[in-house]
Amino acid sequence: MGTPIETELTSQYRARDTELQSLIDGLSLPQKTISPKYFYDEYGSELFERITELPEYYPTRTELGILTEHVEEMGASFGDDASLIEFGAGASAKVRILLDALQNIIVFVPVDISGDHLKAAADELAADYPNVQILPVAADFTRPFELPTPKRMPARNVVFFPGSTIGNFAPDAALDLLRTMRTVAKDSGGLLIGVDLQKDPAILERAYDDAEGVTATFNRNMLTHLNREFGSDFDANAFRHVSRYNTELNRIEMHLVSERDQTFTLGDTTFSIAKDETILTECSYKYTVDGFVALAAKAGFLVHKTWLDDNELFSVHYATAVAPGE
């Protein structure tokens with residue numbers, strides 16, 4: 001065993017006044033709302049990794065199956081000397097399938113909001129893949145961030161966005177995010193993205209409300225995270241977790257339901273919430289294949305290939321960046 005390899009973390013994320021104001025604005029809406037990005041402190045990231053292993057949660061194992069089966073074909077689409085940039089990397093488990101099978105990735109840039117969790121995962125990757133430069137960036141990928149400069153410049157950038165995280169964004173916001181990815185990919189680059197598909201609502205509701213209660217803990221931990229990060233005073237134990245499918249909007253919703261009439265303070269603002277009133281913490285939109293292809297086109301991506309599992313629960317797409325009007 002050699003000396004452990006450690007990566008240098010580029011940190012671009014800070015809890016700014018704009019973050020606090022955004023939270024206040026969301027909680028001031030008729031349907032109180034908190035962005036799902038606040039799930040991911042270190043403990044929240046660990047909980048999400050547990051969720052991905054639950055029997056009810058089909059997306060992760062289904063996507064892993066698609067990646068494993070078609071990795072060579074996906075890699076051929078990247079071309080030589082590619083830089084792979086993963087938005088919302090977390091533990092970077094899925095990228096290992098690509099790094100294990102492919103020799104044409106020379107740089108990997110994992111981007112995630114949870115810096116400590118990201119750094120630990122990046123150090124492990126650097127030790128396991130010494131021929132790939134690992135450049136972790138702690139940033140909120142929904143906002144502009146700078147890519148670090150690698151030792152060896154890649155021929156192209158490929159954005160990797162697994163897990164159907166695109167579904168966490170309303171259609172307009174999803175389009176904005178895809179346009180950001182198009183900017184990162186540049187004219188010669190590409191996008192490899194996982195997208196969950198529309199299906200029986202009962203399957204979806206079980207996936208987001210497991211029998212073990214891990215997702216419920218994950219949902220409530222968001223409030224604990226906000227208390228620590230912003231000095232709020234949520235009583236996380238005074239909320240219960242629910243998931244439900246919105247058939248009109250084709251999305252699964254996660255809510256925190258208030259168990260009693262209560263108040264909480266965020267910054268200088270005090271909020272009241274009634275018994276059974278909810279805070280919307282996540283929406284996960286589900287797509288058809290054609291629907292996602294059309295959305296990607298609006299953002300400047302041309303989908304060349306779509307891979308599905310046998311039950312057509314999930315999809316993975318490879319798209320290339322195209323110039324406007326092409």
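Side-chain atoms are counted along with the backbone in the values below, which use heavy atoms only and exclude waters and symmetry mates.
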Peer 1: Do you know the tightest heavy-atom contact between S258 and A274?
Peer 2: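 What the structure gives for the nearest pair is CB-O, 3.4 Å.
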
Peer 1: Could you give me the CA-CA distance, side-chain angles and deciding distance for F230 and L266, then say whether side-chain contact (heavy atoms from CB on, under 4.5 Å) is met?
Peer 2: CA-CA 7 Å; F230 294 95; L266 186 63; 4.0 Å; yes

Peer 1: How far does OG1 of T288 sit from CG of N250, to the nearest 0.5 angstrom?
Peer 2: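 CG of N250 is found 8.5 Å from OG1 of T288.
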
Peer 1: Mind checking whether F145 and F87 have parallel, tilted or perpendicular rings, split at 30° and 60°?
Peer 2: perpendicular

Peer 1: Any Lys/Arg nitrogen of R206 or D210 sitting under 4.0 Å from an Asp/Glu carboxylate oxygen of the other?
Peer 2: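 No salt bridge links R206 with D210.
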
Peer 1: Would one find more than 12 heavy atoms of other residues, nucleotides or ligands at under 6.0 Å from atom CZ of R240?
Peer 2: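 Correct, the count exceeds 12.
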
Peer 1: Cluster question for you: counting only ILVMFWY and a side-chain heavy-atom cut-off of under 4.5 Å, with indirect links fine, are M254 and L280 together?
Peer 2: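 In one cluster: no.
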
Peer 1: Does one side chain, of N219 or H241, offer a donor that lies under 3.5 Å from an acceptor on the other?
Peer 2: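 Note: N219 and H241 side chains meet the donor-acceptor criterion.
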
Peer 1: With heavy-atom distances below 4.5 Å as the criterion, would you say the side chains of E46 and R50 are in contact?
Peer 2: no

Peer 1: Sorted by first residue and then second, give each ring pair (Phe, Tyr, Trp, His ring centres under 6.0 Å) pair with at least one member in residues 246-281; sequence neighbours left out.
Peer 2: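 Qualifying pairs, neighbours excluded: F234-F264, F264-F271.
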
Peer 1: Using the ring-ring contact (aromatic ring centres under 6.0 Å, His included) rule, take F39 and F218 through it: C-alpha gap first, then chi angles, then the decisive distance, then the call.
Peer 2: CA-CA 7 Å; F39 285 137; F218 174 70; 4.4 Å; yes

Peer 1: Are Y318 and W307 close enough, and set up right, to give a side-chain contact (heavy atoms from CB on, under 4.5 Å), and what steps lead you there?
Peer 2: CA-CA 9 Å; Y318 184 75; W307 298 272; 3.9 Å; yes

Peer 1: Any heavy-atom pair between the side chains of T52 and R61 that's under 4.5 Å?
Peer 2: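 Contact flag for R61/T52 side chains = no.
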
Peer 1: How far apart are the closest heavy atoms of F301 and A319, and which atoms are they?
Peer 2: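 For F301 versus A319, the nearest heavy atoms are CB-CB, 3.8 Å.
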
Peer 1: Heavy-atom count check: over 12 atoms from other residues, nucleotides or ligands less than 6.0 Å from D310 CG?
Peer 2: no

Peer 1: Hey, is the main chain of A211 close enough, under 3.5 Å, to the side chain of E56 for a donor-acceptor pair?
Peer 2: yes

Peer 1: Please determine whether a side-chain nitrogen of the Lys or Arg among K275 and E277 lies less than 4.0 Å from a carboxylate oxygen of the Asp or Glu.
Peer 2: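 The answer is no: the pair does not qualify as a salt bridge.
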
Peer 1: What's the separation between atom OG1 in T281 and atom CG in L256, rounded to the nearest 0.5 Å?
Peer 2: 5.0 Å

Peer 1: Membership question, hydrophobic clusters at under 4.5 Å side-chain separation (ILVMFWY): are V214 and I203 in the same one?
Peer 2: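 In one cluster: yes.
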
Peer 1: Taking all non-hydrogen atoms of both residues, which atom of S188 and which atom of A155 are closest, and how far apart?
Peer 2: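 Distance-wise, the nearest heavy atoms are OG-O, 3.7 Å.
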
Peer 1: Students often mix this up, so state it plainly: with edges at 30° and 60°, are the rings of H317 and F292 parallel, tilted or perpendicular?
Peer 2: tilted

Peer 1: Which distance, rounded to the nearest 0.5 Å, do you find between the CG of L197 and the OG1 of T62?
Peer 2: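 These two atoms lie 10.0 Å from each other.
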
Peer 1: Any chance CG of D200 has more than 12 other-residue heavy atoms, nucleotides or ligands included, within less than 6.0 Å?
Peer 2: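 Yes - once you tally the heavy atoms of other residues, nucleotides and ligands closer than 6.0 Å, there are more than 12.
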
Peer 1: Is any NZ, NE, NH1 or NH2 atom of the basic residue among E312 and K199 found under 4.0 Å from an Asp or Glu carboxylate oxygen of the other?
Peer 2: no

Peer 1: Give me the ring orientation class for F141 and F169: parallel if the planes are under 30° apart, tilted from 30 to 60°, perpendicular past 60°.
Peer 2: tilted

Peer 1: Is there a donor-acceptor pair under 3.5 Å between the side chain of R152 and the backbone N or O of Q133?
Peer 2: no

Peer 1: Any ion pair linking D112 and K37 (charged N to carboxylate O, less than 4.0 Å)?
Peer 2: no

Peer 1: For a quick test of reading the model, state the closest non-hydrogen atom pair linking P154 to P150 and the distance between them.
Peer 2: CD-CG, 3.9 Å

Peer 1: Can you find a heavy atom in the side chain of E282 that is under 4.5 Å from one in the side chain of Y208?
Peer 2: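 In contact.
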
Peer 1: Using modelled atom types and a 3.5 Å cut-off, is there a donor and acceptor pairing between side-chain atoms of S232 and backbone atoms of L226?
Peer 2: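 The answer is yes, because a donor-acceptor pair under 3.5 Å joins these two groups.
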
Peer 1: Between the side chain of Q198 and the main-chain N/O of K286, is any donor-acceptor distance below 3.5 Å?
Peer 2: yes

Peer 1: Between atom CD of E212 and atom CD1 of I51, what is the distance when rounded to the nearest 0.5 Å?
Peer 2: 10.0 Å

Peer 1: Does some side-chain heavy atom of L67 sit less than 4.5 Å from a side-chain heavy atom of K94?
Peer 2: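 Result yes, sub-4.5 Å side-chain heavy-atom pair found.
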
Peer 1: Please report the shortest heavy-atom distance between N157 and V184, naming the atom on each side.
Peer 2: ND2-O, 3.0 Å

Peer 1: Would you give the length of the straight line joining atom CD of E19 to atom CD1 of I24, rounded to the nearest 0.5 angstrom?
Peer 2: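 That separation rounds to 12.0 Å.
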
Peer 1: Is the shortest heavy-atom distance from the side chain of V316 to the side chain of E63 under 4.5 Å?
Peer 2: yes

Peer 1: Looking only at side chains, do E49 and S45 share a donor and an acceptor under 3.5 Å apart?
Peer 2: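 Looking only at side-chain atoms, S45 and E49 do not form any donor-acceptor pair under 3.5 Å.
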
Peer 1: Do the side chains of D235 and R260 get close enough for a salt bridge, i.e. N-O under 4.0 angstrom?
Peer 2: yes

Peer 1: Out of the candidates L313, V289, I66, only one should pair with L308 under the side chain to side chain contact (heavy atoms under 4.5 Å, CB included) rule; please name it.
Peer 2: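 So, applying the side chain to side chain contact (heavy atoms under 4.5 Å, CB included) to L308 and each of L313, V289, I66, only V289 qualifies.
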
Peer 1: When you compare the side chain of I105 with that of L99, does any pair of heavy atoms fall below 4.5 Å?
Peer 2: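 A side-chain contact exists here, since the closest heavy-atom pair is under 4.5 Å.
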
Peer 1: Apply the test side-chain contact (heavy atoms from CB on, under 4.5 Å) to residues T217 and T215: give CA-CA distance (whole Å), side-chain angles for both, the deciding distance (0.1 Å), then the verdict.
Peer 2: CA-CA 5 Å; T217 301; T215 309; over 6 Å; no

Peer 1: Heavy atoms, side chains only, cut-off 4.5 Å: are T306 and V303 in contact?
Peer 2: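 Yes - at least one pair of side-chain heavy atoms lies under 4.5 Å apart.
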
Peer 1: Checking the side chain of T165 only, and the main-chain atoms of F161 only, is there a donor and an acceptor separated by less than 3.5 Å?
Peer 2: no

Peer 1: Run the side-chain contact (heavy atoms from CB on, under 4.5 Å) test on L102 and V71 for me, step by step, so that the C-alpha distance in whole Å, both residues' side-chain angles and the decisive distance to 0.1 Å come before the verdict.
Peer 2: CA-CA 8 Å; L102 305 176; V71 62; 4.2 Å; yes

Peer 1: Is a donor on one side and an acceptor on the other found under 3.5 Å between the side chain of Q31 and the backbone of T278?
Peer 2: yes

Peer 1: Determine whether M74 and L64 fall in the same hydrophobic cluster, where Ile, Leu, Val, Met, Phe, Trp and Tyr are linked whenever their side-chain heavy atoms lie under 4.5 Å apart.
Peer 2: yes

Peer 1: Step by step, work out the salt bridge (Lys or Arg N to Asp or Glu O under 4.0 Å) result for D209 and R244.
Peer 2: CA-CA 9 Å; D209 193 6; R244 54 192 182 223; over 6 Å; no

Peer 1: Step by step, work out the salt bridge (Lys or Arg N to Asp or Glu O under 4.0 Å) result for D196 and R251.
Peer 2: CA-CA 10 Å; D196 201 6; R251 70 186 193 188; over 6 Å; no

Peer 1: Compute whether any side-chain donor of one residue and acceptor of the other, for T320 and H304, lie under 3.5 angstrom apart.
Peer 2: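 Side-chain D/A pair, T320 to H304: present.
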
Peer 1: How close do A174 and Y287 get, heavy atom to heavy atom, and via which atoms?
Peer 2: CB-OH, 3.9 Å

Peer 1: Do T270 and T265 pair up side chain to side chain, a donor and an acceptor below 3.5 Å, judged on atom types alone?
Peer 2: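 Yes, side-chain donor-acceptor contact under 3.5 Å.
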
Peer 1: Does atom OH of Y129 have more than 12 heavy-atom neighbours, drawn from other residues, nucleotides or ligands, at distances under 6.0 Å?
Peer 2: yes

Peer 1: Do T263 and I273 have side-chain heavy atoms sitting under 4.5 Å apart?
Peer 2: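 No, every pair of side-chain atoms sits at 4.5 Å or beyond.
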
Peer 1: Determine, for D80 against R156, whether the closest basic-nitrogen to carboxylate-oxygen distance falls under 4.0 angstrom.
Peer 2: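 No, no charged N to carboxylate O under 4.0 Å.
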
Peer 1: Under 3.5 Å, is there a donor on one side chain and an acceptor on the other for D81 and N104?
Peer 2: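 Looking only at side-chain atoms, N104 and D81 do not form any donor-acceptor pair under 3.5 Å.
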
Peer 1: Could you grab the distance from atom CD1 of I85 to atom CG of L192, nearest 0.5 Å is fine?
Peer 2: 12.5 Å

Peer 1: Same cluster or not: L178 versus L147, using hydrophobic residues (I, L, V, M, F, W, Y) connected whenever any side-chain heavy atoms lie under 4.5 Å apart?
Peer 2: yes

Peer 1: Please check if L204 and V242 belong to a single hydrophobic cluster, counting links between Ile, Leu, Val, Met, Phe, Trp and Tyr side chain heavy atoms closer than 4.5 Å.
Peer 2: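 Looking at the clustering, V242 is in a separate group from L204.
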
